[in-house]
There are 2 protein chains.
Amino acid sequence: MLAANTQTSNHVPGRAAAVIPIRPVQDSDAPRHGTARCSSCSMRSICMPPELSAEDLSKLDTIICSTRAVKRGDTLYRAGDSFKSIYAIRAGSFKTVVMHRDGREHVTGFEIAGETLGLDGVCAGQHNCDAIALEDSVVCIIPFAQLEIICREVKSMQHHIYRMMSGEIVRDSVQMMLLGTMSAEQRVATFLLNLSRRFKARGFSAAEFHLRMTREEIGCYLGMKLETVSRMFSKFQRGHLVHANGKTVRIVDPEGLANV
Amino acid sequence: MLAANTQTSNHVPGRAAAVIPIRPVQDSDAPRHGTARCSSCSMRSICMPPELSAEDLSKLDTIICSTRAVKRGDTLYRAGDSFKSIYAIRAGSFKTVVMHRDGREHVTGFEIAGETLGLDGVCAGQHNCDAIALEDSVVCIIPFAQLEIICREVKSMQHHIYRMMSGEIVRDSVQMMLLGTMSAEQRVATFLLNLSRRFKARGFSAAEFHLRMTREEIGCYLGMKLETVSRMFSKFQRGHLVHANGKTVRIVDPEGLANV
DNA sequence: CGAGCTCTTGAAGGGGTTCAAAATTAGTGG
DNA sequence: CCACTAATTTTGAACCCCTTCAAGAGCTCG
């Protein structure tokens, strides 16, 4: 058995046995892992502005000094947790889930390496959703109060944070359009092409990749039932647009997929 | 006849006659109207942080020095327009519309007095949606580059902008949940209660108000057809939850509406 | 290997759409 | 101020896409 929960001990002992999932205030941002260095990080070109000087980078290194490992299925943070940091995904992937008071869940996004998590928490000082690892993952912890200080000193960092947040707003509006106007077939096609594009931007294959989420999670993200997701995969397979074998997906005809 | 288009001349002459709606780069933020003053504005408590000093306010007054009137149906900005400013709605209301390449439209939001427009443009340096006035409206023009300078000097302003953007992200995730998981009936109920809450926060009646948008625009916002919106209004009327007479709405039973 | 998820596929049912037409409201010009 | 036209809203009826329910196959991980 793996040494679970040594690094991801944001679950208080005994929590799993509690009937009602209380959300205790946690000191979950204590360093859990080795040192992180933006100045030598391979993800920097993806998650930081390009025009930083060596001096700017060393400022960053003084605040982003720790990472945290999150095991598959564990939460990085939960809705209601007090907001202190944002997180850059160094390896792995996550889903973010909002829950309605009646228990209904909705997946608001899937995030992969090089993307950030937690900006929703700035508004109310507490997180608005659960962030759950889809596989064993590692994040860089970026204390937001200290980031704000750097942003007052380094203009390009300031602008970068504004752009990151604005980018999230733009992506959300695209997703609202998808949920509001597209057929199930178009939603799944758009989803696959979007993942493909993001993998490609990180140097992975745009054509073939491994889905880390279940059909149910995809459905919950796209506003449909898991059976419908499965039917659309099968339909694309019959139409020679996509070859899907369980969680391994190969996009055969991207043009065709974009035109469904 | 009113002196139309003297203040809202962001449409280049002859544009209406063009077959293809070209989007020219516009100098649309030249002052169009009298002077604005945050220091004496009645909306300040809604759109600015509360803890600003007199000195901070005078800094704001130096950059927010002009307003712009937008007539009903005219655009404040269009998707593709280069991004220079954000806008605080001083009076009136707007809808924001994103368009898919196939011509499909989706209304991403309705904004009323005290709310802001344009933050989606920071990301790519150009606006991502059209902002269209639902009635004759007035906005304060806030040049973003100058706002960034103030945010490096005034900590509370910096944090305020981060919170505004984060708030938009949170609202978007609520809307995605609505579009992804709720029935038509629940969507319309949620929409009415949301409007009610926002009117109340501005000192208007929470129970009775006037809708500035059509059933079609509501449907386009909520991911359903205008006929369905109309049927839900009728259903609420029969259930004595809402009294709707055209665009005048009176919420009779807010509790009941919240529990549909 | 085997228990429990996950995925696929079929068949029936329902919520929302589509099409159509009438009623009401808003806007315009005489 | 009223008549007239266009736009918006309401309501009905038929249809369809997606959901629901069910069962079996496949995969994964301890």
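Predicted, not measured: the structure shown is a model, and the values here were computed from it. Just so you know, these numbers use all the heavy atoms, side chains as well, and skip hydrogens, waters and symmetry mates. Below, read A as the first sequence line, B as the second, and so on, with proteins coming before strands; counting in each chain starts at 1.
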Of the options C:dT8, D:dC18, C:dT6, whose atoms approach the side-chain atoms of A:Lys247 most closely?
C:dT6

What is the distance, to the nearest angstrom, from the NZ atom on B:Lys235 to the C1' atom on C:dG15?
10 Å

Using atom CE of B:Met182 as one end and atom C1' of D:dT19 as the other, report the distance to the nearest whole Å.
18 Å

So which nucleotide from D:dT19, C:dT8, D:dT9 ends up closest to the side chain of A:Leu226?
C:dT8

Would you find a donor on one side and an acceptor on the other, under 3.5 Å apart, between the side chain of A:Ser93 and the backbone of A:Leu134?
no

Of the options C:dA20, C:dA11, C:dC7, whose atoms approach the side-chain atoms of A:Ser230 most closely?
C:dC7

Of the nucleotides D:dT10, D:dC27, C:dC7, which has the atom closest to the A:Asn245 side chain?
D:dC27

Would you say the side-chain atoms of A:Thr181 pair up with the backbone N or O of A:Leu178, donor to acceptor, closer than 3.5 Å?
no

Check every strand shown and say whether A:Thr214 touches a base, only sugar-phosphate, or nothing at a heavy-atom separation below 4.0 Å.
sugar-phosphate

Hey, which of these two, A:Ser183 or B:Val229, hits DNA chain D nearer its 5' end, going by closest nucleotide?
B:Val229

Just the rounded figure in Å: distance from C1' of C:dG16 to CG of B:Leu179.
15 Å

Select base, sugar-phosphate, or nothing to describe what B:Arg72 touches, counting heavy atoms under 4.0 Å on all strands.
sugar-phosphate

A:Ser234 side chain near C:dT9 phosphate (N/O to OP1/OP2, under 4.0 Å)
yes

Rounded distance in Å - CE (A:Met232) to C1' (D:dC18):
8 Å

Side chain B:Ser230, main chain B:Thr228, donor-acceptor under 3.5 Å
no

B:Arg231 CZ to D:dA13 C1', straight-line distance once rounded to whole Å
9 Å

Whole-Å distance separating the NZ atom of B:Lys225 from the P atom of C:dC19:
10 Å

Is A:Asp120 reaching over with its side chain to a backbone N or O of A:Asn128, donor-acceptor style, under 3.5 angstrom?
yes

For atom CZ of B:Phe233 and atom C1' of D:dT8, their distance in whole Å:
13 Å

Given atom CG of A:Leu222 and atom C1' of D:dC17, what is their separation to the nearest angstrom?
16 Å

B:Phe110 vs B:Phe94, test: ring-ring contact (aromatic ring centres under 6.0 Å, His included). Steps then yes/no.
CA-CA 6 Å; B:Phe110 296 113; B:Phe94 288 80; over 10 Å; no

Of the candidate nucleotides D:dT19, D:dT20, D:dT9, which contains the atom at the shortest distance from the side chain of A:Glu227?
D:dT20

Measure from the side chain of A:Ala184, starting at C-beta and using heavy atoms only, and say which of D:dC18, D:dT11, D:dT19 lies closest.
D:dC18

